[in-house]
2 protein chains.
Amino acid sequence: MNRVLLVEDDLGLAGNILDYFELEDMVCDHAANGIAATHFQQANQYDVIVLDINLPRMDGLSVCEHIRNEGDDTPVIMLTARDQLEDKLAGFNKGADDYLVKPFAMAELVARVGALANRRSSNVNQLRFANLTLTIKPQVAEVEGRPIKLSPITYELLKCLVRAQGNSVPREKLVEAAWGEDAPESNALKVHMHHLRKALTQAKASAHILSRPGAGFYLTTETTDG
Amino acid sequence: MNRVLLVEDDLGLAGNILDYFELEDMVCDHAANGIAATHFQQANQYDVIVLDINLPRMDGLSVCEHIRNEGDDTPVIMLTARDQLEDKLAGFNKGADDYLVKPFAMAELVARVGALANRRSSNVNQLRFANLTLTIKPQVAEVEGRPIKLSPITYELLKCLVRAQGNSVPREKLVEAAWGEDAPESNALKVHMHHLRKALTQAKASAHILSRPGAGFYLTTETTDG
DNA sequence: TTATGTTCTTAACCCTGCCTTAACCCCCGC
DNA sequence: GCGGGGGTTAAGGCAGGGTTAAGAACATAA
C-alpha cells in the first residue's frame, strides 16, 4: 500500500485521480494549493508526491524546491499542461523525479507513481519453498522471517534447490551453480550439503534435503521419518 | 560522475546520445543488442540503464525482465517510438522506472537520467539517518544537534552511506565518492572506515556501520548484541 | 621561516570465517 | 568381507575485514 500526496487545484481532476488511486489501493491526501501542500508534507511521510505546477498561493516549482531544502527527498512527479522543453527542465532542476504532461492516461500516472514508490521499498525478487524465503539481493535466506546464516556457497546451493521446487537437481548442476566452471576435486559438495542441512534443521525449516542415489538432491516437506 | 549503460541498435542515434552524455560528464557503455546488454549488466555496475525496446537478439522488455530477475534494481529508462498506453504499461510492468517516447530532446533524456541516478538526493541539503543529520552546505555532521568532527574524506564516506539509507554500498562506490578517479592503492578505505566508526560511537550515534562480506558496507540502527 | 596540528597514506599485524581436503563412518548389495 | 554411494567430522590454509602506529603532506599561526 502506497501513501500519496496529491497537490492539484482543479477539483474535478483531483477527484478523478483520487477515485482512481483508491481503486489501486493507494492512500491519498489532497492539497489544493501550495502552502497547504508544504503543511501536509511536513506533517506526514509519503511514498510519492504528485504535484501540479499551476497552483494558487505558491506554485509547484517553489513547493518542490522548498521540500528539497527541508531535507525531504520524497519522489515528486510534476503534473502540468506545459509541455515545452524548458518547462520540463525547470521541473527536474527543482528536484522533481518525473514530469507528466496533461492530458494523460490515469493508468500511466498510476504506473509512474508505482515505479517511483517501489524504488525505495526495495521489493526485489524472492524465491519460496515451504516456510523458507530466499531474497536475491541482498543475499539473504529466511524461515518465517528469521534470517538463516548461510555462506555464499551454501546460499547458492539452496537457491538452486529452491528454484527446482522439489524436483531433483543433479550433482553437476549444483556444482555448476556454486563454483561455475572450475569446481574443486574432492567431496566439497558433500560437505557444503551437510552444512546446508544443518543450517536448515537448526532454523527449523519445514523443508529438508533428500538425495536420490545416483541422480542428485531435492527439497521436500515430507517428514518421512519412521 | 554517473555511469550509464546505453542499449540502442540504431548506431546513429547511439552516437548522438554518447556524444551528448560525454559533455554531461557521464561515463557510458554501449550495447547494440539485448544479449550484449545482459553481459554488460552482469559485468558492471551502472547508475542508470537506457534501454531501447526494439533490439536484435533479445528485445528490451525481456532484457529488463531478465535483469530484474537477477536481483539487479538499477534504474531503467525505456526508450522507444511506440507511444501507445499499453506499450508504456508493459514497460513499467517489466520493472522499468521511466518511459521516454522517440523522438525526444537530448536535454530531457539527460534530465531524466539525472533524476533517476542520484540527482534527487543531491538536490537535498540535509540528509538523515537515525539520529544523525548531514548538512551538505556547509559540510557538517550532527547527532541530535551536536556536531561531530569529521575529516573531509570520512564526511564523504558517511554521506554516501546515508544516501543509501541502509542499503549496502559497494567498496568501489565509496572509493569513487571519496577520491574520484585516482584512489590510493592501499587499505586507505579500511582505515577511514575505522575512523568513521570510531567517530560515530564516540558521538553516541544510534546508527553504526556493518559490512556485508564481499559486497560492501551499510548503515543500520540494530544493536546486534547477543 | 619555524612550529604546531590535522589529515591522509602506507604498512604491518591480528582475527575471524569460509573453503578445501582428507580422513573416517554407515548402510547396502554382492 | 568388500566396494561404493552417501554422510560426518576435524584440521589447515587463505582471504577479507579490522586495528594500530608511523611517517608524509598540508595548512595554519607565530
Side-chain angles (χ1 to χ4, degrees), chain A residues 138-141 147-161 168-202 208-220 224-226, chain B residues 138-141 147-161 168-202 208-220 224-226:
Chain A
Q139 261 180 222
V140 176
I148 330 176
K149 195 176 71 101
L150 288 183
S151 71
I153 284 191
T154 47
Y155 174 87
E156 239 16 83
L157 293 176
L158 182 57
K159 185 164 85 179
C160 210
L161 289 169
S168 71
V169 183
R171 297 175 82 93
E172 313 92 53
K173 197 152 193 173
L174 290 169
V175 169
E176 158 85 27
W179 288 278
E181 297 308 308
D182 45 38
E185 68 282 343
S186 74
N187 61 349
L189 181 60
K190 285 203 288 189
V191 176
H192 285 292
M193 225 57 199
H194 178 238
H195 290 329
L196 180 52
R197 280 200 247 241
K198 217 160 68 176
L200 288 185
T201 59
Q202 228 168 40
H208 38 212
I209 302 172
L210 295 183
S211 70
R212 229 185 288 282
F217 299 84
Y218 61 99
L219 281 176
T220 181
T224 65
D225 54 349
Chain B
Q139 244 176 238
V140 178
I148 330 176
K149 195 176 68 105
L150 288 183
S151 72
I153 284 191
T154 47
Y155 175 87
E156 251 356 276
L157 292 176
L158 182 57
K159 186 165 81 179
C160 210
L161 288 169
S168 71
V169 183
R171 295 176 86 92
E172 315 95 51
K173 201 150 196 174
L174 291 169
V175 169
E176 156 88 27
W179 289 278
E181 295 308 305
D182 45 38
E185 68 282 343
S186 73
N187 60 350
L189 181 61
K190 287 202 285 190
V191 176
H192 285 292
M193 225 59 199
H194 181 234
H195 290 329
L196 180 52
R197 280 200 246 241
K198 219 160 66 176
L200 288 184
T201 59
Q202 230 168 38
H208 39 207
I209 303 171
L210 296 183
S211 70
R212 230 186 285 283
F217 298 84
Y218 62 99
L219 283 175
T220 181
T224 65
D225 52 350

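The chains referred to below are lettered A, B, ... by the order of the sequence lines, with proteins before strands, and numbering in each begins at 1. Every heavy atom of this structure was used, including side-chain atoms; hydrogens, water molecules and symmetry mates were not.
In this structure the side chain of A/Leu150 never reaches within 4.5 angstrom of the side chain of A/Leu157, judged on heavy atoms.
Atom NE2 in A/His195 sits roughly 14 Å away from atom P in C/dT21 (whole-Å rounding). The separation between A/Gln202 atom CD and D/dT8 atom C1' is 15 Å, rounded to whole Å. Residue A/Arg197 contributes atom CZ, which lies 11 Å from atom P of D/dG6 at whole-angstrom precision. As a whole-Å value, the separation of B/Leu150 CG from C/dT6 P is 15 Å. Note: CZ (B/Phe217) to C1' (D/dG18) measures 9 Å, nearest angstrom. Atom CD1 of B/Ile153 and atom C1' of C/dT10 are 14 Å apart (whole Å). Protein atom CD of A/Gln139 is 14 Å distant from nucleotide atom C1' of C/dC18, rounded to whole Å. Atom CG of A/Leu157 is separated from atom C1' of C/dC18 by 14 Å (rounded to the nearest Å).
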Distances under 3.5 Å only, N/O to N/O: pair up the protein atoms with those of nucleotides 24-26 of chain D.
none

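Counting any heavy atom pair closer than 4.0 Å across all strands shown, B/Lys198 reaches no nucleic acid atom.
To the nearest 0.5 Å, the span separating CD on A/Glu172 from CG on A/Leu174 amounts to 9.0 Å. In this structure, OG1 in B/Thr154 is found 7.5 Å from NE2 in B/His192, a value given to the nearest 0.5 Å. Taking CZ of A/Phe217 as the start and CG of A/Leu196 as the end, the distance is 10.0 Å to the nearest 0.5 Å. To the nearest 0.5 Å, the span separating CD on A/Gln202 from NE2 on A/His195 amounts to 12.0 Å. To the nearest 0.5 Å, atoms NE2 (A/His208) and OG1 (A/Thr220) are separated by 5.5 Å. Here the CD1-CG distance, from A/Ile153 to A/Leu158, works out to 13.5 Å after rounding to the nearest 0.5 Å.
Taking side-chain N and O atoms only, A/Trp179 has a distance below 4.0 Å to OP1 or OP2 of C/dT20. Residue A/Arg171 has no polar side-chain atom (N or O) positioned under 4.0 Å from OP1 or OP2 of D/dG5. A close approach under 4.0 Å does not occur between any side-chain nitrogen or oxygen of A/His194 and OP1 or OP2 of D/dG7. Dashed line: the shortest gap from a side-chain N or O of B/Ser151 to OP1 or OP2 of C/dC8 is under 4.0 Å. Distances shown here put every side-chain N or O of A/Ser211 at or beyond 4.0 Å from the OP1 or OP2 atom of D/dG5.
Between the side chain of A/Arg197 and the main chain of A/Ile209, a donor-acceptor pair closer than 3.5 Å is present.
With salt bridges taken as basic N to acidic carboxylate O contacts below 4.0 Å, none links B/Glu176 and B/Lys173.
Listed in residue order, the members of residues 184-193 of chain B having a heavy atom less than 4.0 Å from DNA chain D are B/Asn187, B/Lys190, B/Val191.
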